[in-house]
Amino acid sequence: MDDRLKGRDFLKLLDFTPDEIRYLIDLSAELKKFKKNRVSHRYLEGMNVALIFEKTSTRTRCAFEVAAHDLGMGTTYLGPGSSQMGAKESVADTARILGSMFDGIEYRGFGQDIVQTLADYADVPVWNGLTNEFHPTQMIADMLTVQEVFGELAGRKLTFMGDARNNVANSLMVVCAKLGMDYCACGPADRMPDEALIETCRSIAAETGSTITLTDDVREGVSGASVVYTDIWVSMGEPYEVWEQRIKLLSPYQINSDVMGMAAPDAIFMHCLPSYHNTDTTVAQDIHKRFGISEMEVTDEVFESERSKVFHEGENRLHSIKAVMLATLVPDDLYDLG
Ligand code: CP
Ligand code: NVA
């Protein structure tokens, strides 16, 4: 890879070539083997990373922390409202301070412009742990999962059902186009991605021999799909009041066993998680009380089925975030995994 990734920020997958993305997926797979075989991989001993979370997290935070510790690094967690950033200190000033103390900075929060400003002002790699627009580390884990299940990625179809303009859906459209997978956004017209992003992805897809389709028809959307993917209907940072409208708009795009039956015979179900597939959470209980539904974007039956790869996918967040940090922090001859 000629150290092409060392020193790079990881803000969105549009900034990376297909080869670079494939390299990160393969590096994740190698690091996963090390972890499973308990082979020490403390390549980054003595380094430290800052983890800024302006939104809550289970997987991303734990993956960054465990990955950093496995690599020998120290971590400092700055949770929602726990630093001066934003209220008393600008993002640019915070970036220069953190950049002087840490070897890398992770940011989860709101606009993509914030993570971009951090990257512009900090002299160390900045990693996007989820913004309103994109969730790129999730994509490396997801594509590793698809690769582990099917072997090859190129030529397969992935259909995203539901809120097709959220951060995860946007990122899936980009990564599929980059890796030669056919992407289908299946949902209501006013929850489709921005036109400009669709056009960008279509031109990437033309180069990689894949397609981007948009449809509001479930059967058409899911037909032939190897991967049927969904996400929650209201993302972090959106007002609670939008639930009512989203339930109306997106209920026809719930993934249930009928929908899985329309996909390829060996299709898998994926979800970045967390998921509202039952009423075991306070939010789902409130939605149940107000709207009478007990399952949202996916039924419990599909979520718990053999076809569901969601926990496999969740574990892969660890290995892929580790790969992203390793590849961007040091030259690849320092971690030659053969
Ligand atoms: N998928 C994902 O990013 O999960 P968390 O919100 O728990 O980090
Ligand atoms: N679209 C979801 C993804 C969570 C990992 C959100 O932004 O809340």
Side-chain angles (χ1 to χ4, degrees), residues 5-16 20 24 44 47-65 67-68 71 73-140 165-171 174-175 193-194 196-197 200 234-240 242 272 317 320-330:
L5 296 177
K6 187 196 169 296
R8 295 268 295 277
D9 300 307
F10 190 77
L11 307 184
K12 57 186 189 309
L13 288 182
L14 288 170
D15 303 335
F16 291 82
E20 289 168 343
L24 288 170
L44 305 182
M47 288 188 164
N48 289 287
V49 294
L51 308 176
I52 306 171
F53 281 81
E54 293 191 310
K55 290 176 179 168
T56 52
S57 167
T58 297
R59 276 146 292 273
T60 310
R61 176 188 175 178
C62 295
F64 268 100
E65 292 208 22
L71 291 167
M73 295 196 286
T75 53
T76 298
Y77 172 70
L78 298 166
S82 77
S83 78
Q84 313 285 25
M85 191 174 99
K88 287 168 68 182
E89 190 160 38
S90 68
V91 175
D93 292 356
T94 307
R96 283 173 284 186
I97 292 298
L98 296 182
S100 72
M101 295 185 188
F102 293 93
D103 298 285
I105 302 167
E106 179 275 354
Y107 172 82
R108 162 170 288 199
F110 298 92
Q112 188 72 15
D113 57 313
I114 301 176
V115 79
Q116 184 64 60
T117 303
L118 278 171
D120 290 344
Y121 284 86
D123 286 339
V124 297
V126 172
W127 308 296
N128 178 356
L130 178 148
T131 56
N132 292 342
E133 292 85 352
F134 293 112
H135 195 6
T137 64
Q138 179 76 48
M139 296 305 111
I140 305 299
R165 58 180 292 110
N166 79 10
N167 41 19
V168 169
N170 284 343
S171 307
V174 174
V175 81
D194 280 345
L197 185 62
T200 302
V234 176
S235 286
M236 291 184 281
E238 295 194 286
Y240 205 71
V242 302
C272 56
R317 300 297 309 288
S320 50
I321 281 173
K322 191 181 287 178
V324 168
M325 288 196 289
L326 183 58
T328 54
L329 285 174
V330 289

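Everything quoted here is computed from the prediction, not taken from an experiment. Values below: every heavy atom of this structure, side chains too, minus hydrogens, waters and symmetry copies.
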Under the 3.5 angstrom rule, does the side chain of E133 hit a backbone N or O of Q112 as a donor-acceptor pair?
yes

Student check: side-chain heavy atoms of F134 and V115 closer than 4.5 Å
no

Side chain to side chain, M47 and V330, heavy atoms closer than 4.5 Å:
yes

A side-chain contact here means heavy atoms from C-beta on lying under 4.5 Å apart; do F10 and T137 qualify?
yes

How long is the straight-line distance from CD of E65 back to OG1 of T76, given to the nearest 0.5 Å?
9.0 Å

Less than 4.5 Å apart, any side-chain heavy atom of L71 and any of L326?
yes

Between the CG atom in L51 and the OH atom in Y77, the distance rounded to the nearest 0.5 Å is 9.0 Å

E106 CD to L118 CG distance, which is reported to the nearest 0.5 Å
10.0 Å

Gap between atom CE of M85 and atom CD1 of I97 - 0.5 Å precision:
13.5 Å

Under the side chain to side chain contact (heavy atoms under 4.5 Å, CB included) rule, what do N167 and S235 come out as? Steps first, then yes or no, please.
CA-CA 9 Å; N167 41 19; S235 286; 4.2 Å; yes

Can you confirm if the NZ or CZ of R8 lies within 45° of the ring axis of F16 and under 6.0 Å from the centre of its six-membered ring?
yes

What's the spacing between L13 CG and S171 OG if we round to 0.5 Å?
6.5 Å

For Y121, does the OH atom have more than 12 heavy-atom neighbours from other residues, nucleotides or ligands under 6.0 Å away?
no

Distance alone, cut at 3.5 Å: any donor-acceptor contact between the side chains of T328 and W127?
yes

Check whether any side-chain heavy atom of Y107 lies under 4.5 Å from a side-chain heavy atom of T131, and answer yes or no.
yes

Got a second to check how far M73's CE is from L329's CG, nearest 0.5 Å?
5.5 Å

Counting C-beta onward and ignoring hydrogens, is there a side-chain heavy-atom pair between L197 and N170 closer than 4.5 Å?
yes

Is it the case that R61 places NZ or CZ above or below the six-membered ring of F53, under 6.0 angstrom from the centre and within 45 degrees of the axis?
no

Are side-chain heavy atoms of D15 and D9 found at a separation under 4.5 Å?
no

Is there a side-chain contact between T60 and H135 in this structure, where contact means two heavy atoms from C-beta onward sitting under 4.5 Å apart?
yes

Given 3.5 Å as the limit, does a donor-acceptor pair link the side chain of D103 with the main chain of N48, or not?
yes

